[in-house]
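Within every chain, numbering begins at 1; the chains are lettered A, B, ... in the order of the sequence lines, protein sequences first and strands thereafter.
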There are 2 protein chains.
Amino acid sequence: MQYKTPYTPPTVTVDAVMFQLIDNALNVALIQRSTEPFKGEWALPGGYAPQGETTLQALERIVLHKAGVSILNDLSYIEQLYTFDSVARDPRGHAVAVTYMGCGQNIHPDQAKAVVTFFPVNNLPPMAYDHAEIVKYAHNRLIAKLTYTNAVYAFLPQYFTLAELQTAYEAVFGYELDKRNFRKKFLSLGLTEETDQMRREGAHRPARLHRFKSPDLEVLSRSFD
Amino acid sequence: MQYKTPYTPPTVTVDAVMFQLIDNALNVALIQRSTEPFKGEWALPGGYAPQGETTLQALERIVLHKAGVSILNDLSYIEQLYTFDSVARDPRGHAVAVTYMGCGQNIHPDQAKAVVTFFPVNNLPPMAYDHAEIVKYAHNRLIAKLTYTNAVYAFLPQYFTLAELQTAYEAVFGYELDKRNFRKKFLSLGLTEETDQMRREGAHRPARLHRFKSPDLEVLSRSFD
DNA sequence: GCAAAAGTGTTTGGGATACACCCATGC
DNA sequence: GCATGGGTGTATCCCAAACACTTTTGC
């Protein structure tokens with residue numbers, strides 16, 4: 001194009017915001033940095049995206065290496081979040097961060113590789129870089145996804161109770177829903193079907209298990225809440 | 001971090017999808033490429049994003065230089081769209097494109113700088129790179145924005161008729177709306193107010209002019225259509 | 001008076017909301 | 001029998017959708 005002067009691109013980095021429900025609360029995976037800058041602080045898992053790899057490929061490789069998690073296999077849903085590019089966000093120099101957000105229900109970081117911990121989104125530690133902002137942005141995006149798509153499935157095992165389903169929504173939205181209205185509305189969407197299995201646990205009536213009819217992300221006919 | 005081998009970032013580029021209504025149709029600005037690759041083909045205005053500038057700053061500079069349009073001043077609304085990063089999208093080598101989408105109502109490209117033309121989204125020419133895909137993605141995002149925010153304001157002058165407003169929605173959505181229901185619903189949102197001015201043109205009843213109460217982007221209390 | 005766009009109301013159906021009690025089980 | 005969470009129905013209100021005629025102007 002028109003730039004005769006040597007063109008120097010910014011560094012390109014990738015970061016993953018991985019959500020999972022733990023004890024009925026929405027949690028996000030953070031890794032404790034072992035090197036400067038921000039040594040010892042908590043950060044999103046991520047790293048440098050080199051030429052020749054898509055950002056998602058780079059992220060898969062990096063997160064697998066640093067945290068022992070495969071974002072492609074261990075997450076049930078993943079999407080590109082946003083590209084953060086302010087010049088001062090990395091003290092080492094201008095770094096453009098292409099970020100991704102995903103959800104899973106059985107993510108087990110490999111603690112041998114690094115200190116990786118899930119923190120409740122309502123009780124996050126101080127974070128390196130602009131990662132607190134990124135997590136907040138991801139949470140807002142997630143709320144939106146759950147309202148107009150069937151993305152909740154990403155938080156649930158194959159068979160689940162309606163109470164678990166409702167709890168997933170409540171954990172993401174941050175407020176409680178009416179049980180009768182929730183069930184009526186959700187069932188009317190026709191995304192799930194009853195199974196003939198029940199879960200019995202504790203001194204109370206067993207709960208019927210449901211499952212999603214389709215494993216694919218769909219836009220809802222009527223948006224949720 | 002962990003990469004001892006020399007790290008080579010991909011090229012970072014920026015591209016702008018600029019929408020404007022022309023003759024009641026949604027149009028997008030394309031520039032005819034004057035150099036290889038894709039010489040002579042139509043493409044989104046864009047270029048290289050160097051270290052030390054945000055992608056939006058780079059885009060402002062590049063689009064001003066290549067098309068004579070200031071995305072910051074000539075667009076009423078702009079947002080980051082998506083980052084396209086497939087390895088093969090640019091034949092010269094791996095280029096990660098951070099794209100933006102915006103809307104205006106009085107965009108006048110400087111034809112002295114390049115051949116810049118607005119094309120109706122329903123009648124686009126063959127396009128360079130993956131730019132057809134990007135325009136389609138932007139159009140979908142725009143439809144979503146108009147359904148849950150007051151972003152239509154970006155297509156309209158300060159004073160406008162309800163017929164113009166409805167036409168803007170129809171041009172973006174691609175289908176027609178019922179006039180009575182449209183007015184009832186839109187007015188009930190309380191975003192606009194009547195003025196005491198009328199527009200008279202042609203052999204028919206003059207139309208009352210309205211204006212938006214606030215120039216800011218807002219999420220609607222009830223989403224639109 | 002006629003062509004052309006502006007403007008205006010009512011009916012109906014469905015979904016959202018609010019709300020309280022019985023059911024099945026383990027101990 | 002009691003504590004615990006699972007499961008269910010109804011009344012009201014508001015909004016979405018469907019639908020056709022009158023008004024104001026220029027010529």
Side-chain angles (χ1 to χ4, degrees), chain A residues 21 23-25 143 146-150 156-157 159-171 173 175-211 219-225, chain B residues 21 23-25 143 146-148 150 156-157 159-171 173-211 219-225:
Chain A
L21 296 182
D23 295 339
N24 294 341
I143 290 171
L146 260 61
T147 61
Y148 74 90
T149 74
N150 63 347
L156 298 170
Y159 296 88
F160 54 87
T161 68
L162 293 179
E164 288 170 330
L165 179 68
Q166 182 175 343
T167 295
Y169 275 104
E170 290 174 339
F173 289 165
Y175 51 83
E176 296 188 349
L177 301 171
D178 178 86
K179 182 165 57 164
R180 281 167 296 184
N181 291 338
F182 173 83
R183 290 175 182 227
K184 198 182 335 158
K185 172 152 192 184
F186 194 89
L187 294 176
S188 77
L189 293 172
L191 300 170
T192 55
E193 56 193 7
E194 286 189 354
T195 69
D196 51 8
Q197 297 177 60
M198 309 291 277
R199 176 177 302 157
R200 58 185 62 231
E201 52 174 11
H204 54 81
R205 181 172 172 174
R208 181 170 299 278
L209 293 176
H210 294 246
R211 70 170 160 229
V219 173
L220 302 182
S221 51
R222 311 194 306 278
S223 78
F224 210 87
D225 281 3
Chain B
L21 297 182
D23 294 338
N24 294 342
I143 291 171
L146 258 61
T147 61
Y148 75 90
N150 63 349
L156 298 170
Y159 296 88
F160 53 88
T161 68
L162 293 180
E164 288 171 331
L165 180 67
Q166 182 176 344
T167 295
Y169 275 104
E170 290 174 339
F173 289 166
Y175 51 82
E176 296 190 348
L177 302 172
D178 177 86
K179 183 163 58 164
R180 281 166 297 184
N181 291 338
F182 173 82
R183 289 174 182 226
K184 200 181 335 156
K185 174 154 190 182
F186 193 90
L187 293 175
S188 78
L189 293 172
L191 299 170
T192 55
E193 56 194 6
E194 286 189 354
T195 69
D196 51 9
Q197 297 175 59
M198 308 292 277
R199 175 177 304 157
R200 61 184 60 232
E201 52 174 8
H204 55 82
R205 181 170 173 174
R208 181 170 298 279
L209 293 175
H210 293 246
R211 70 171 159 228
V219 173
L220 302 182
S221 50
R222 312 194 305 279
S223 78
F224 210 88
D225 280 2

request  = Go through residues 177-191 of chain A and report each residue with a non-hydrogen atom lying under 4.0 Å from DNA chain C, sorted by number.
outcome  =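 Residues of residues 177-191 of chain A under 4.0 Å from DNA chain C: A/Asp178, A/Arg180, A/Asn181, A/Lys184, A/Lys185.
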request  = Using atom types as modelled and distance alone, determine if a side-chain donor or acceptor of A/Glu170 lies under 3.5 Å from a backbone N or O of A/Leu177.
outcome  = yes
inquiry  = Would the distance check show the side chain of A/Thr167 and the main-chain N or O of A/Asn24 forming a donor-acceptor pair, the cut-off being under 3.5 Å?
reply    = no
Side chain proximity check, [X] to [Y], heavy atoms < 4.5 angstrom:
| X | Y | value |
| --- | --- | --- |
| A/Gln197 | A/Arg199 | no |
| B/Lys184 | B/Asn181 | yes |
| B/Leu191 | B/Leu220 | yes |

Take atom [atom1] of [X] and atom [atom2] of [N], then tell me their distance rounded to the nearest Å.
| X | N | atom1 | atom2 | result |
| --- | --- | --- | --- | --- |
| A/Leu162 | D/dG5 | CG | P | 17 Å |
| A/Leu165 | D/dG7 | CG | P | 12 Å |
| A/Gln166 | D/dG7 | CD | C1' | 12 Å |

message = Please report whether the ring centroid of B/Tyr169 lies less than 6.0 Å from that of B/Phe224.
response =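 Yes.
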ask   = salt bridge (Lys or Arg N to Asp or Glu O under 4.0 Å) with A/Glu176: which residues, sequence neighbours excluded?
value =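 Not a single residue meets the salt bridge (Lys or Arg N to Asp or Glu O under 4.0 Å) criterion with A/Glu176.
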key: Pairing residues for B/Glu193 by the salt bridge (Lys or Arg N to Asp or Glu O under 4.0 Å) criterion, not counting sequence neighbours   =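 Partners of B/Glu193 by the salt bridge (Lys or Arg N to Asp or Glu O under 4.0 Å) criterion, ordered by chain and then number, come out as B/Arg211.
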message = I'd like the 5' and 3' limits of the part of DNA chain C contacted by chain B, with heavy-atom contacts below 4.0 Å.
response = C/dA3 to C/dT10
request  = Dump the intermediate steps for side chain to side chain contact (heavy atoms under 4.5 Å, CB included) on B/Asp225 and B/Phe182, then the final yes or no.
outcome  = CA-CA 9 Å; B/Asp225 280 2; B/Phe182 173 82; over 6 Å; no
message = If you take any heavy atom closer than 4.0 Å to DNA chain D, which residues from residues 195-205 of chain B end up in contact?
response =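 The answer is B/Arg200, B/Gly202, B/Ala203, B/His204, B/Arg205.
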message = Suppose we screen for ring pair (Phe, Tyr, Trp, His ring centres under 6.0 Å). Which residues come up paired with B/Tyr159, at least two apart in sequence or across chains?
response =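 Partners of B/Tyr159 by the ring pair (Phe, Tyr, Trp, His ring centres under 6.0 Å) criterion come out as none, since no residue qualifies.
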